[in-house]
Protein chains: 2
Amino acid sequence: MSRLIKKGLYGKIKIEEWRDEILSEKEILHSSAPLPSVRRLPLYLTVLEEFEREGREWISTTDFSEVLFLKPIQVRKDLAHTGIIGKPKKGFKVDELIATINNFLGWNNLTDAFIVGAGALGSALLGYTGFQHHGLNIVAAFDVSPLVIGKIIHGKKVLPLEQLQDLGQRMKVRLGIITVPSEGAQNAADKLIEAGISGIWNFSPVKLHVPPNVVVQREDLSSGLAVLSVKLGRFD
Amino acid sequence: MSRLIKKGLYGKIKIEEWRDEILSEKEILHSSAPLPSVRRLPLYLTVLEEFEREGREWISTTDFSEVLFLKPIQVRKDLAHTGIIGKPKKGFKVDELIATINNFLGWNNLTDAFIVGAGALGSALLGYTGFQHHGLNIVAAFDVSPLVIGKIIHGKKVLPLEQLQDLGQRMKVRLGIITVPSEGAQNAADKLIEAGISGIWNFSPVKLHVPPNVVVQREDLSSGLAVLSVKLGRFD
DNA sequence: TATTTAAGGGTAAATTTTTATCTATACCCA
DNA sequence: TGGGTATAGATAAAAATTTACCCTTAAATA
């Protein structure tokens with residue numbers, strides 16, 4: 001079934017190409033695991049790592065359930081999608097489950113990434129060492145502002161945006177992280193795409209227009225805030 | 001149906017109280033709008049504000065659809081949850097729709113918030129002026145580290161954590177934002193709860209244990225990264 | 001060694017969310 | 001002024017996700 005989308009005009013950005021279909025997130029995912037399950041997997045990892053630190057060998061869905069306030073059945077279902085198989089009366093082997101989830105997420109080998117936008121948020125992400133743990137290796141930061149270009153932030157030099165394309169192609173960087181203000185977001189995306197990136201982690205509140213072979217993940221603080229606001233509203 | 005959750009032990013945190021039920025996010029929401037719809041509402045707001053700047057009076061679901069690559073029917077459904085009613089052949093009045101969505105989210109009046117954790121991420125959030133736009137007014141930051149206590153970050157002084165309870169009660173602050181490392185997250189939550197907070201925006205990758213009258217929204221970077229990783233995996 | 005029990009696994013049902021279809025309305029233009 | 005059309009609204013269908021149920025397995029225990 002073809003759902004054609006017309007050309008459009010969004011602000012100053014002209015949408016030049018026709019897109020055959022609006023793909024749902026699930027269709028982009030192309031994985032049998034439901035999106036909400038994928039989102040929960042990192043949660044299980046944090047519990048698993050806690051168990052590992054405590055030297056515990058086994059973990060059961062009820063263990064997860066008690067800690068995370070999730071229903072045991074849901075935990076079992078989520079874990080099943082990674083292909084792990086458990087043992088009655090015991091549960092899952094902690095180390096094996098960690099490896100299986102990390103493998104499912106591709107977090108056992110590092111993907112190089114660029115950050116575009118070395119402002120407050122960009123700097124914060126540069127400084128977050130935990131990403132290494134999640135398969136993410138931030139190799140450089142870019143900005144347009146002469147005020148930050150040349151600065152060293154958390155040991156990484158901020159480069160001028162013009163160098164992005166060349167460096168990206170030479171280093172075969174696969175991922176771009178956009179932490180610029182809304183106005184610059186589409187431009188940042190265009191530059192990343194020219195550099196041959198295949199995935200974008202977008203922290204700006206803008207829907208980016210990208211070719212179909214580039215995947216975009218919007219990390220939207222305002223979405224989270226919206227949910228919190230509606231939840232809070234109930235107690236007014 | 002009562003789904004009893006047993007007491008448990010998570011790391012050093014003992015879960016003291018029994019909880020009658022595991023409530024789903026939807027149950028906590030207590031709003032007829034589906035959670036994914038609520039998440040999309042801020043997206044519509046950004047488009048609406050763009051239209052407003054351009055001086056356009058009307059906006060239709062097809063306008064949204066073309067810009068956001070969402071299906072028109074979904075847009076209509078999402079907007080319907082806010083109670084707005086549109087006009088055939090025209091769509092919705094831009095200013096009216098902005099007001100309706102903001103009202104639905106409670107973003108037309110400010111909620112005071114504390115930030116606990118004045119590290120990289122906390123500082124970034126302190127510096128983000130856009131929150132005012134989303135009904136959020138960050139009034140103070142707290143930390144335990146003598147290295148940052150007393151510092152002025154984006155015009156706000158970082159206070160010692162011990163002052164949180166007293167200040168929170170006196171100022172009747174409703175919201176707490178947790179941007180401390182995992183180890184300190186539960187402690188930060190406990191302090192906020194003692195201060196009489198009713199909602200927590202949790203940026204740590206930890207499931208917080210809170211009384212039932214406190215709502216928690218986890219803003220989980222690793223969830224987003226997990227989805228992106230799985231999407232990217234498809235192109236390997 | 002038999003019995004009890006706390007898990008996991010698979011299938012099916014229920015629920016929630018998304019998408020489609022149909023109808024009515026109001027604008028536009030001849 | 002009347003017909004065509006774009007778009008909202010309502011209702012129904014489909015798809016995705018969550019939850020329940022039953023069965024099996026393996027460990028613990030008597």
Side-chain angles (χ1 to χ4, degrees), chain A residues 1-6 8 21-41 44 56-66 68-94 96-97 100 227, chain B residues 1-6 21-41 44 57-66 68-94 96-97 100 227:
Chain A
M1 183 181 323
S2 189
R3 297 159 294 200
L4 283 173
I5 304 308
K6 277 184 288 188
E21 295 195 50
I22 302 175
L23 297 174
S24 68
E25 283 229 288
K26 188 64 194 295
E27 286 169 304
I28 293 166
L29 204 62
H30 255 243
S31 149
S32 56
L35 208 58
S37 284
V38 174
R39 277 191 220 286
R40 280 187 294 267
L41 290 178
Y44 301 130
R56 300 170 71 166
E57 195 185 353
W58 295 91
I59 190 166
S60 70
T61 52
T62 37
D63 292 332
F64 282 116
S65 161
E66 287 170 13
L68 299 173
F69 292 136
L70 295 173
K71 286 155 200 169
I73 309 141
Q74 185 171 49
V75 175
R76 222 170 8 243
K77 261 295 171 98
D78 286 342
L79 298 181
H81 290 120
T82 68
I84 187 92
I85 55 171
K87 215 172 183 183
K89 192 95 177 190
K90 279 285 188 179
F92 306 87
K93 276 202 132 171
V94 170
E96 193 186 326
L97 186 49
T100 305
V227 175
Chain B
M1 182 183 324
S2 189
R3 296 161 296 201
L4 283 173
I5 305 308
K6 276 184 287 185
E21 296 196 49
I22 301 174
L23 296 174
S24 68
E25 282 229 289
K26 189 65 194 293
E27 286 169 305
I28 293 166
L29 205 60
H30 255 243
S31 150
S32 55
L35 210 59
S37 283
V38 174
R39 276 191 220 284
R40 281 188 294 268
L41 289 178
Y44 301 130
E57 196 184 352
W58 294 92
I59 190 165
S60 70
T61 51
T62 36
D63 292 332
F64 282 117
S65 160
E66 287 169 13
L68 299 173
F69 292 135
L70 296 172
K71 287 154 199 168
I73 309 141
Q74 185 172 49
V75 175
R76 215 162 21 238
K77 261 295 175 98
D78 286 343
L79 298 181
H81 288 120
T82 68
I84 188 91
I85 55 171
K87 217 171 180 181
K89 191 94 178 191
K90 278 284 188 177
F92 305 86
K93 278 201 131 172
V94 170
E96 193 185 325
L97 186 50
T100 305
V227 175

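Each chain gets a letter, A, B and so on, in the order its sequence line appears, and its residues count up from 1. The basis for the numbers below is simple: all heavy atoms, side chains too, and nothing from hydrogens, waters or symmetry mates. Treat the numbers as computed from the prediction; the structure is a model and nothing was measured.
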- prompt: In whole Å, what is the span from the CD atom of A:Gln74 to the C1' atom of C:dG9?
  reply: 17 Å
Among C:dT18, D:dT17, D:dT18, the nucleotide that comes nearest once only the side chain of A:Ser37 is considered: D:dT18
message: Classify B:Lys77 by what it touches in the nucleic acid, base, sugar-phosphate, or nothing, heavy-atom distance under 4.0 Å.
response: base
message: Using OP1 and OP2 only, check whether a side-chain N or O of B:Thr61 sits under 4.0 Å from D:dA8.
response: yes
- request: Kindly point out which of C:dG8, D:dA8, D:dT19 is positioned nearest to the side chain of A:Phe92?
  value: C:dG8
task: May I ask you to evaluate whether A:Thr62 reaches the phosphate of C:dA7, defined as a side-chain N or O under 4.0 Å from OP1 or OP2?
output: yes
- prompt: Per the side-chain contact (heavy atoms from CB on, under 4.5 Å) rule, which among A:Tyr44, A:Phe64, A:Trp58 passes with A:Leu97?
  reply: A:Phe64
query: Which whole-number value in Å describes the distance from B:Arg76 CZ to C:dT17 C1'?
result: 17 Å
- line: Sorted by position of nearest nucleotide on DNA chain D, 5' first, the leading residue of B:Ala80 and A:Lys87 is B:Ala80
field: C:dT19 phosphate, OP1 or OP2, under 4.0 Å from B:Lys71 side-chain N/O
entry: yes
- request: For the residue pair B:Arg40 and B:Leu70, establish whether any side-chain heavy-atom pair is separated by less than 4.5 Å.
  value: yes
- request: Output yes when at least one side-chain N/O atom of B:Lys90 is less than 4.0 Å from OP1 or OP2 of C:dC28, else no.
  value: yes
task: Please check the phosphate of D:dT18 (OP1 and OP2 only) for any side-chain N or O of A:Arg40 closer than 4.0 Å.
output: yes
- prompt: Can you check whether B:Lys89 has a side-chain N or O nearer than 4.0 Å to OP1 or OP2 of C:dT25?
  reply: no
statement: Taking C:dT17, C:dA7, D:dT7 as options, the one with an atom nearest any side-chain atom of A:Ser60 is C:dA7
- prompt: Whole Å only: how far is the CG atom of B:Leu79 from the P atom of C:dT18?
  reply: 13 Å
